[in-house]
Amino acid sequence: MSRTLGRTGIEVTAIGLGTSGLGRGIAPGSPEERAAVDLATAMLSGGRTIDTSNEYAGGRSEPVLGLAVPAVPDAASRIVTKVDRDPETGAFDRGRVLRSYEESLRRLGVDRVRLLHLHDPYTVSFEEAVAPGGALAGMLELRDSGAVDAIGIAAGPIPLMTRYVDTGAFDVVLSHNRFTLVDRSASALFENARARGMGVINAAPFGAGILATGAGAATGAATETDATTGALTGPVAETNTAGATPTGPKPPSYGYRPASAALQEWARRAEAVCTAHGATLRAAALRFSTRSPLVDMTVVGVSSIHRLAQLDALEGEAIPDDLWAEMDALGPAPTPIDDDAPGGAG
């Protein structure tokens, strides 16, 4: 199902696929790379919008996608990427924005992308980013020249994101981990963006953790996760074709932070509500985002072909309408994310 991304006129799918782990830790030309390309081909072949970034997987995500692009007609038109700071110096000015975009096009093997995000501008201040010669100047130059059709801001902390949205310069906003069953702190940001006619992308609907693993992950099987977009998780006994390194059992987490006992208890009660309605917490977490009138596209990380099929099934899972009132009756979940705290980025 396609949707229009705000005022941009760009068509996206209701669920996009995140690639932050695609190709991580694997060498070019290796058998592991071939498996990662197979996953990328499967992702592109499904017709969904693909979300990547210059720095994803240490710069390996885009090259792996680029190897898959020729095998899938029209795949290039469905790829969204992001410019990132210089990995060596941390520089993030106009020049770095232009170089980052050029790097991305070369890796992906495409002439252009329609939507380009400014990604995690944490190594420069907001004032530096919007000053003449700053990162925003580079983004505007790319849009004004027709190199891209639309520009977005993609990051975490809501106060910082709000400042970028309030410039009126961006066409799209992407936030992660902050518009979910657990944490709804992006609601005002998304409402602000909507009032401006901006497109809204919500990433990591599972909070990169407990909404996919459940509260009992600490004693269950080892899990695999997508570090940025909150991939579907499950046993890692299967081959992980994204190149991520399997790990042992982890305690439940949310937003890359440990889940408190109170949050784990909230998740158990949420699971009970879902079970009573014949649904799963995973499906409810996904539907919370895709059903919202504030969200154009929900980005979910996928780490294997099996997980890709699992996402298709999850999207079709029936969620009774009366489940939502019972979920709201649980009260606010104790989110571990505090954007006002020192080091709140992420």
Side-chain angles (χ1 to χ4, degrees), residues 1 13-26 30-52 56-57 60-61 63-65 67-69 71-72 75 78-79 176 203-250 252-253 271 274 279-287 289-290 297-319:
M1 179 175 61
T13 50
I15 296 176
L17 302 179
T19 63
S20 68
L22 183 68
R24 185 181 303 280
I26 62 176
S30 65
E32 291 79 12
E33 183 185 60
R34 181 65 260 168
V37 173
D38 287 344
L39 171 58
T41 302
M43 295 170 77
L44 289 166
S45 298
R48 296 187 191 272
T49 304
I50 304 297
D51 175 88
T52 188
Y56 276 0
R60 290 292 292 141
S61 176
V64 169
L65 281 169
L67 291 172
V69 163
V72 183
R78 290 183 280 104
I79 296 175
H176 56 82
F206 308 117
I210 197 167
L211 292 174
T213 64
T219 58
T223 60
E224 58 184 15
T225 60
D226 181 309
T228 297
T229 47
L232 298 173
T233 57
V236 297
E238 68 182 83
T239 300
N240 187 328
T241 57
T245 301
T247 58
K250 299 178 182 178
S253 64
E271 287 178 305
C274 291
T280 64
L281 182 58
R282 288 183 182 186
L286 181 62
R287 193 69 51 79
S289 180
T290 60
M297 180 170 70
T298 300
V299 176
V300 179
V302 175
S303 57
S304 70
I305 291 176
H306 174 72
R307 298 296 172 222
L308 186 59
Q310 185 184 55
L311 176 60
D312 291 339
L314 204 61
E315 185 181 17
E317 189 171 316
I319 306 290

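Computed from a predicted structure; not experimentally measured.
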Without swapping roles, check the side chain of [X] against the backbone of [Y] for a donor-acceptor pair under 3.5 Å.
X      : Y      : value
Ser45  : Thr41  : yes
Glu271 : Gly214 : no
Thr19  : Asp51  : yes
Arg48  : Met43  : no
Thr49  : Thr13  : yes
Arg287 : Glu315 : yes

Looking at every heavy atom in both [X] and [Y], which two are closest together, and how far apart are they?
X      : Y      : answer
Pro205 : Leu211 : O-CD1, 3.6 Å
Ala279 : Ala318 : CB-O, 4.1 Å
Ile305 : Ala42  : CG1-CB, 4.3 Å
Ala284 : Cys274 : CB-SG, 3.8 Å
Ser253 : Ala208 : OG-O, 3.7 Å
Arg60  : Pro63  : O-CD, 3.2 Å

In the structure I gave you, are the side-chain heavy atoms of [X] and [Y] within less than 4.5 Å of one another anywhere?
X      : Y      : result
Thr213 : Phe206 : no
Ile50  : Leu65  : yes
Ile210 : Leu281 : no
Arg34  : Pro31  : no
Val64  : Leu39  : no
Glu317 : Leu286 : no

Q: Any chance you could measure Thr290, atom OG1, to Ile319, atom CD1, to the nearest 0.5 Å?
A: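 Result: 9.0 Å between the selected atoms.
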
Q.
Working to the nearest 0.5 angstrom, can you tell me the gap between Leu17 CG and Arg78 CZ?
A.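 If we round to the nearest 0.5 Å, Leu17:CG and Arg78:CZ are 9.5 Å apart.
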
Q. Would Ile79 and Leu44 satisfy side-chain contact (heavy atoms from CB on, under 4.5 Å), going step by step from the backbone distance to the final call?
A. CA-CA 9 Å; Ile79 296 175; Leu44 289 166; 4.2 Å; yes

